[in-house]
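Values below: all heavy atoms of this structure, side chains included; hydrogens, waters and symmetry mates excluded. Just so we're on the same page: letters track the sequence lines, and every chain starts at 1. Computed from a prediction, not measured in an experiment: that's the story for all the values here.
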Protein chains: 2
Amino acid sequence: MANQQTALDTVFHALADPTRRAVVSRLLTGAAPVKRLSEPFEMGLPAFLKHLSVLEASGLIHTEKQGRVRTCRVDAARLAAAEGWLAEQRAVWQGRTDRLAAFVESLNPPEEKS
Amino acid sequence: MANQQTALDTVFHALADPTRRAVVSRLLTGAAPVKRLSEPFEMGLPAFLKHLSVLEASGLIHTEKQGRVRTCRVDAARLAAAEGWLAEQRAVWQGRTDRLAAFVESLNPPEEKS
DNA sequence: TTGTTGGTTCGCCATATGGTGAACTATAGA
DNA sequence: TCTATAGTTCACCATATGGCGAACCAACAA
């Protein structure tokens, strides 16, 4: 699972940037070539390509070159991995607060609210 | 919402490190003082404190000092914010694939599978 | 009062990140 | 064939990150 941990590292790191989150959001509505993706942003292409490579290294997107255009598409499974970790954590926390609530109730039996 | 975007930046960045994720996980089972939290890790206290301050800056944890011990506790709402963004994205993607499936079906009417 | 313990601060270091501009390659189209 | 376009690579820069050791402060305990 050390591998998985590294995967979470790179996925969360990739998402920790508004440009990259915007790209992911955009790609979720459909694949797109690099230039089209880069248009909404102020930065130059080299900087934008770095963002793309961070995203690709994280597995959040895959790219494929055909002729002179490179098409990018998102890998929703990776997003799900991040969401999964968070859901796990929430489950732990909810379990704890549920037990806490039960404990408090056991100390202080709930009154019937009329 | 620019503020929220910044909040997502810091939350995802905070989660992009195994040490910090472990601390969050640990704190979800209950509050703890700094030293106890730091014990499982190899690094020195100064380095560990930096991780804590990253977590605190992101709002994922809050700390409070009483006497000479500083107690840390998690803020589950921030975790939920990150999970919320991911859930939103998944909804977009699912909406798209649902529409895609509908479109494909409209082209190629489904056969009744016996 | 004198240790010991929990935490903090400081200066330092190596590396990673996020951006730039300029030069370059390779394909598509006229 | 010529040219415009999509993308890539390179060298460079400023700042952020993640770690260290050493010195330091403050509070509890003996």
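A heavy-atom distance below 4.5 Å is not found between the side chains of B/Leu79 and A/Arg90. The shortest side-chain heavy-atom distance between B/Phe41 and B/His51 does not fall under the 4.5 Å cut-off.
Taking 4.0 Å as the cutoff to heavy atoms of chain B, we find the contact window on DNA chain D bounded by D/dT17 to D/dC28.
Of the residues in residues 41-53 of chain A, A/Leu45, A/Pro46, A/Leu49 come within less than 4.0 Å of DNA chain D through at least one heavy atom, sorted by number.
Across B/Leu27 and B/Cys72, no two heavy atoms sit closer than the pair CD2-O, 3.4 Å. Closest heavy-atom contact between B/Arg26 and B/Ala31: NH2-O, 4.4 Å.
Distance check: A/His13 NE2 to A/Leu55 CG gives 10.0 Å after rounding to the nearest 0.5 Å. For the atom pair B/Leu86 CG and A/Arg21 CZ, the distance stands at 10.0 Å (nearest 0.5 Å). If you take CG on A/Leu28 and CD on B/Gln89, they are separated by 5.5 Å, rounding to the nearest 0.5 Å.
Comparing A/Lys65 and A/Val54 by the nucleotide of DNA chain C that holds the closest heavy atom to each, the one mapping nearer the 5' end is A/Val54.
The phosphate of C/dG18 has OP1 or OP2 within less than 4.0 Å of a side-chain N or O from A/Arg20.
Between B/Arg78 and the choices B/Leu8, B/Leu60, B/Leu15, B/Ile61, the side-chain contact (heavy atoms from CB on, under 4.5 Å) rule is met once, by B/Leu60.
Across the protein-nucleic acid pair, A/Arg70 atom CZ and C/dT25 atom C1' stand 14 Å apart, rounded to whole Å. When rounded to the nearest whole Å, the span between CG of A/Leu55 and P of C/dG18 equals 10 Å.
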